[in-house]
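Proteins get letters first, then strands, A, B, ... in listed order; numbering begins at 1 in each.
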Amino acid sequence: MTELRYLSDVVTLELDTEKCTGCGTCVTVCPHAVLAIEQGSARIVDRDACMECGACAGNCPAEALSVESGVGCAAAIIIGAIRGTSPNCACSTEGTSCCG
Amino acid sequence: MPQIFGTITTPAGEVPRVDTTLQTADRLGAWMARWAMGRMRYAVEPGLYAAGQPTADSPVLVSANYKMSFDQLRCRLAGLDAWILVLDTRGINVWCAAGKGTFGTDEIVHRIAATGLAEVVSHRRVIVPQLGAPGIAAHDVKHRSGFRVIYGPVRAEDLPAFLAAKMKATPEMRRVRFPIRDRVVLVPVELMMTAKYFLVLAACVLFLAGVGPGEYWTRVLGIGIRSAALVLAVSVGTLALVPTLLPWLPGRAFALKGLWIGLAFAAAVLLLGWSHGDLLGNRLSLAAWCLLLPATASFLGMNFTGASTYTSLSGVRKEMALAVPLQALAVVAGMTLWLIAPFV
């Protein structure tokens with residue numbers, strides 16, 4: 001199948017290799033193989049594949065990764081803009097849910 | 001609730017044993033949830049469950065209390081002995097709940113304590129679906145509960161192979177894909193969730209079409225019905241075709257993918273107007289549709305970002321910054337043209 005790719009040069013993922021201990025948890029949790037361990041340290045190998053889910057940053061014991069995580073959902077951004085909150089897909093608070 | 005076959009006695013109390021096969025009622029419930037019927041009440045009771053005849057050494061598999069998530073897990077466990085720890089995610093699936101943090105560190109720590117898991121099993125490991133990771137900080141769970149989080153495969157269907165390989169996942173098991181089957185299955189819920197908007201839009205078009213030279217209801221029942229049908233067709237068409245044709249629609253931005261469907265509809269409308277005269281009004285009306293159809297389809301295509309498995313918040317913001325003003329401009333210009341067209 002053709003690999004699905006989203007926009008280039010947009011993601012906010014940052015890696016501080018100074019802090020990285022090379023434990024590899026980020027590689028395990030990433031659903032899009034964005035990270036890899038090379039020479040004992042994590043490295044961003046496919047930055048544009050990142051969907052900013054935040055799994056790597058939240059699971060990094062050394063706090064070496066940061067990303068402005070959130071749902072990549074247009075409806076959530078619209079709802080957030082209307083209510084003046086952060087993007088919110090309102091799945092659990094409303095009677096409706098957008099995610100499958 | 002899934003079928004329960006008695007209980008297993010543990011030091012922490014009786015643990016219900018669940019069926020590892022799905023019954024007709026489970027399949028019907030899943031089908032209804034896919035059509036947005038009863039899906040906000042499609043939940044199981046949080047807590048500890050048993051599959052097979054688990055012992056103190058058996059693995060603990062963590063799941064969400066959305067019944068479809070729970071069913072996806074238990075139906076893969078035939079012939080295996082395992083514990084299932086169901087978190088309270090308010091009836092939301094693992095990945096969405098992890099994004100909100102309800103499938104999260106606090107809840108897993110709480111549920112481990114509330115179920116007395118430390119008395120049920122002798123080891124200190126819980127297997128969490130990889131897509132639960134955005135809500136979990138594995139090192140915090142270890143620190144606060146004593147249990148080590150092991151991230152299992154993305155798909156429950158890979159669990160037997162993962163367990164057989166001593167809890168090692170292949171790189172393929174760690175990747176999220178978005179194959180056509182996973183995309184098409186989302187179409188019904190997308191249609192149902194969006195229906196209230198496009199039905200209102202179609203109704204507006206139906207009744208506004210009556211305003212023009214000639215008798216109001218004659219216009220409504222003629223050009224009005226045809227125009228409303230066009231609104232329904234472009235909405236249903238886009239909501240079905242964008243997911244289905246996703247990899248083959250040119251461009252990466254979803255607003256662009258939707259735009260192609262809208263342009264196809266606009267081309268069809270022009271062709272129809274050319275061959276069948278004023279079915280949809282005069283040339284100015286056709287010009288209006290050439291703005292309205294692409295704008296509508298582009299907007300609906302953009303909204304599929306939320307259901308996709310690979311779009312980032314930054315990316316969606318970027319495409320919206322460009323697409324939404326253009327969509328709005330096209331709708332305002334298109335509506336103005338369409339409303340004045342009958343008088344020109």
Let me know if [X] has heavy atoms under 4.5 Å from chain B in its side chain, its backbone, both or neither.
| X | value |
| --- | --- |
| A:Cys56 | neither |
| A:Ser69 | backbone |
| A:Cys53 | both |

Is the number of heavy atoms from other residues, nucleotides or ligands under 6.0 Å of [X] [atom1] greater than 12?
| X | atom1 | answer |
| --- | --- | --- |
| A:Glu63 | CD | no |
| A:Glu18 | CD | no |
| B:Arg124 | CZ | yes |

*Select one option (side chain, backbone, both, neither) describing which atoms of B:Leu131 are under 4.5 Å from chain A's heavy atoms.*
side chain
*Measure distances from B:Phe299 to the heavy atoms of chain A and classify the residue's part below 4.5 Å as side chain, backbone, both or neither.*
side chain
A side-chain contact here means heavy atoms from C-beta on lying under 4.5 Å apart; do [X] and [Y] qualify?
| X | Y | value |
| --- | --- | --- |
| B:His139 | A:Cys60 | no |
| B:Met320 | A:Ile78 | yes |
| B:Arg175 | A:Pro31 | no |

Taking [X] for the side chain and [Y] for the main chain, is one N or O donor matched with an acceptor at less than 3.5 Å?
| X | Y | answer |
| --- | --- | --- |
| B:Ser312 | A:Gly72 | no |
| A:Glu68 | B:Ser314 | no |
| B:Asn303 | A:Ala74 | no |
| A:His32 | B:Arg177 | no |

Spacing of [X] atom [atom1] and [Y] atom [atom2] [to the nearest 0.5 Å]:
| X | Y | atom1 | atom2 | result |
| --- | --- | --- | --- | --- |
| B:Thr311 | A:Arg5 | OG1 | CZ | 13.5 Å |
| A:Asn59 | B:Tyr151 | CG | OH | 3.5 Å |
| A:Cys73 | B:Phe304 | SG | CZ | 11.0 Å |
| B:Phe178 | A:Leu4 | CZ | CG | 8.0 Å |
| A:Ile77 | B:Leu313 | CD1 | CG | 5.0 Å |

_Minimum heavy-atom separation for A:Cys30 and B:Gln130, please, with both atom names._
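For A:Cys30 and B:Gln130, the tightest heavy-atom pair comes out as O-NE2, 3.2 Å.
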_Greatest number of heavy atom pairs closer than 4.5 Å to chain A - which of B:Lys318, B:Arg174, B:Glu319_ =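 Most pairs with chain A among the choices: B:Arg174.
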*Could you tell me which of A:Ala55, A:Ala33, A:Ala57 has the largest number of non-hydrogen atom pairs under 4.5 Å with chain B?*
A:Ala55
*Sidechain N-carboxylate O distance under 4.0 Å for B:Arg317, A:Glu52*: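 Salt bridge: no.
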